Asker: 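Quick one: the structure is below, and I'll ask about it shortly.
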Amino acid sequence: MTRVLLTGAAGFIGGHIRSALEPNHDVVAIDAMLASAHGHSLDSSSVDSSSDITRVDVRDHAALVELLASVDVVCHQAAVVGAGVDSADAPAYASHNDFGTAVLLAAMAETGCTRLVLASSMVVYGEGKYRNAAGDLVVPGPRTRLADGIFQNTDPATGEVLDWALVEEDSELRPRSTYAASKVAQENYALAWSLATGGSVTALRYHNVYGPHMPRNTPYSGVAAMFRSSLEAGKAPQVYEDGHQARDFVHVSDIAAANTAAIDAALPGFTALNVSSGHPITIGEVASTLSDACRGPAPQITGQYRPGDVRHIVASPEKAERTLGFVAAVSPEQGLREFATAPLRDAEGTGAPRV
């Protein structure tokens, strides 16, 4: 039986991964229990009880060395998440995500653990991938007319509105937020570790994750949870821009399945994979699906915007299917309708940690 060290085991995604692994794997579950993610105490509605989760910060080298002594593979989910709400958050992302991953990799090298499954993110791609009417790839210019309601990406040379294309794993990495920069750094540290040690790394680039026990409405929650919170309060979901932003929403059970497949496959070297549903959906459609399922108020298209948001980012799922045999089982339409009445985590985080 494979022995897996699962970091971030008390979190939304970590809890689901743990439940998926435990029938056939020996799981060592650890979590730093940060107030930024869990509030000041862990919520009893979490996927798993925290009673047998060891409180360990991945920046604690000595603790990791002790835990890794008999571990076959590390499934690294621990991270400070979100877009980086303000510039003061940057040290927290660098400390917990970048430095924490570096400490973990050093401890793995010291103990001879040679396999890592790393939680990465679609945010590493930045703005996404776009083509002009002729089918040529174009790097879009900055969206400078958001205040005028002009939301589309355009060709900086011609002004032509661009169409989104599927991002593939060899697409250029252009992080646009502090969180995104930290995920790119995690991948880079893991790649360097793999080359130096001969170890294997599978970096799973999650797209928009949602599902039962997702955290409630905080600056670090996903948009699906924010829409849910509005509907529970009897309010219309507030949709930014024009609602036509395209995304790939992937159910947390599929995220857990992808991690299980990566652990079992033991791919050699460094491999980055998109983890997505393969069924693009707009933010407006997400809001409408949830409103319909809840029989709540129709979404309100606000025209408001966040300057750091990207217009479209949609993934190609083909490489994950080729290499892992992973195909998402839950379509966005089915999953979002179920999510409309699924339990959420009541413990709200307190913002990014300062240490």
Side-chain angles (χ1 to χ4, degrees), residues 2-11 13-14 17-18 21 25-34 36-37 53-81 84 89-121 123-124 173 175 178-206 259 262-273 352-355:
T2 303
R3 188 170 175 83
V4 181
L5 176 66
L6 174 63
T7 73
I13 293 174
I17 292 172
R18 185 184 180 197
L21 288 176
H25 302 79
D26 181 13
V27 179
V28 179
I30 67 172
D31 199 294
M33 313 295 193
L34 296 176
S36 60
I53 296 176
T54 303
R55 188 166 190 163
V56 174
D57 190 316
V58 292
R59 297 171 298 177
D60 186 340
H61 178 84
L64 291 176
V65 167
E66 183 176 348
L67 288 165
L68 284 165
S70 58
V71 163
D72 301 301
V73 56
V74 174
C75 185
H76 185 32
Q77 306 297 314
V80 175
V81 301
D89 294 341
Y93 287 100
S95 178
H96 288 273
N97 298 0
D98 305 0
F99 180 65
T101 299
V103 172
L104 173 62
L105 292 168
M108 292 175 66
E110 183 173 331
T111 56
C113 182
T114 60
R115 294 180 52 207
L116 175 70
V117 175
L118 173 66
S120 189
S121 171
V123 297
V124 300
L173 306 187
T178 305
Y179 173 61
S182 75
K183 299 311 285 186
V184 172
Q186 284 184 305
E187 287 198 18
N188 286 338
Y189 276 112
L191 171 60
W193 172 86
S194 174
L195 293 171
T197 66
S200 71
V201 177
T202 303
L204 301 178
R205 293 173 178 165
Y206 305 159
N259 276 272
I263 288 167
D264 292 342
L267 300 176
F270 180 94
T271 306
L273 299 172
R354 292 292 178 252
V355 293

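Worth knowing before you read on, the calculation uses all heavy atoms, side chains too, and leaves out hydrogens, waters and symmetry mates. Given the structure is predicted, the values throughout are model-derived calculations rather than measurements. In what follows, residues are counted from 1 in the order of the sequence shown.
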Asker: Distance-only, no hydrogens or angles: does the T111 side chain make a donor-acceptor pair with backbone N or O of A107 under 3.5 Å?
Answerer: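 At least one qualifying donor-acceptor pair exists.
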Asker: To the nearest 0.5 Å, what is the distance between CG (L104) and CG (L118)?
Answerer: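 If we round to the nearest 0.5 Å, L104:CG and L118:CG are 9.0 Å apart.
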Asker: For T7, what residues pass the side-chain hydrogen bond (donor to acceptor under 3.5 Å, both in side chains) criterion, not counting sequence neighbours?
Answerer: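 T7 satisfies side-chain hydrogen bond (donor to acceptor under 3.5 Å, both in side chains) with H76 once adjacent residues are dropped.
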Asker: Write down the atom of L116, the atom of V73, and the distance for their closest heavy-atom approach.
Answerer: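 Shortest heavy-atom separation between L116 and V73 comes out as N-CG2, 4.4 Å.
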Asker: Less than 4.5 Å apart, side chain to side chain, heavy atoms only: is that true for D72 and D26?
Answerer: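 Of all side-chain heavy-atom pairs linking D26 with D72, none is under 4.5 Å.
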Asker: Got E110 and L68 here, is their nearest side-chain heavy-atom distance under 4.5 Å?
Answerer: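 They are not in side-chain contact.
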Asker: Measure the spacing between CD1 of I30 and CG of L67 and express it to the nearest 0.5 Å.
Answerer: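 Going from CD1 on I30 over to CG on L67, the span is 6.0 Å.
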Asker: Output, in order, the C-alpha distance, side-chain angles, deciding distance and verdict of side chain to side chain contact (heavy atoms under 4.5 Å, CB included) for D57 and H96.
Answerer: CA-CA 9 Å; D57 190 316; H96 288 273; 4.2 Å; yes
Asker: At their closest point, which heavy atom of Y206 faces which heavy atom of I17, and how far apart are they?
Answerer: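 The answer is OH-CD1, 4.2 Å.
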Asker: When you compare the side chain of D89 with that of Y179, does any pair of heavy atoms fall below 4.5 Å?
Answerer: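 A side-chain contact under 4.5 Å is absent here.
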Asker: How about OH on Y189, more than 12 heavy atoms from neighbouring residues, nucleotides or ligands closer than 6.0 Å, or not?
Answerer: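 Not more than 12 within 6.0 Å, no.
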Asker: Report yes if the side chains of M108 and T197 come closer than 4.5 Å at any heavy-atom pair, otherwise no.
Answerer: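 They are not in side-chain contact.
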Asker: Quick check: do N259 and Q77 have side-chain heavy atoms less than 4.5 Å from each other?
Answerer: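 Of all side-chain heavy-atom pairs linking Q77 with N259, at least one is under 4.5 Å.
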Asker: Nearest 0.5 Å, what's the CG-CD1 distance between L6 and I13?
Answerer: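 So the gap between those two atoms works out to 11.0 Å.
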Asker: Mind checking what makes side-chain hydrogen bond (donor to acceptor under 3.5 Å, both in side chains) contact with S70, not counting sequence neighbours?
Answerer: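 If we apply the side-chain hydrogen bond (donor to acceptor under 3.5 Å, both in side chains) test to S70, skipping adjacent residues, the hits are R3.
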Asker: Could you report the tightest heavy-atom contact between A78 and G8, atom names first, then the distance?
Answerer: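 What the structure gives for the nearest pair is CB-N, 3.6 Å.
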Asker: Using every non-hydrogen atom in the two residues, find where V80 and A92 come nearest and quote the distance to one decimal.
Answerer: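 Result for this residue pair: CG2-O, 4.2 Å.
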Asker: Output yes when a side-chain donor or acceptor of S194 lies under 3.5 Å from a complementary backbone atom of A190, and no otherwise.
Answerer: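 No, S194 side chain to A190 backbone: no donor-acceptor pair under 3.5 Å.
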Asker: If I compare all heavy atoms of D31 with all of A9, which pair ends up nearest, and what's the gap?
Answerer: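 Closest approach of D31 to A9: OD2-N, 3.4 Å.
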Asker: Work out which heavy atom in Y93 is nearest to a heavy atom in T178; give both atom names and the distance.
Answerer: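 Heavy-atom minimum between the residues: CD1-CG2, 3.5 Å.
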Asker: Which pairs, with at least one residue in residues 180-206 and sequence neighbours excluded, count as a salt bridge (Lys or Arg N to Asp or Glu O under 4.0 Å)?
Answerer: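 Every pair satisfying salt bridge (Lys or Arg N to Asp or Glu O under 4.0 Å) with a residue in residues 180-206: E187-R205.
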Asker: Would you indicate whether the side-chain heavy atoms of V117 and L204 approach each other to under 4.5 Å?
Answerer: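 The answer is yes, as the side chains (C-beta and beyond) meet within the 4.5 Å cut-off.
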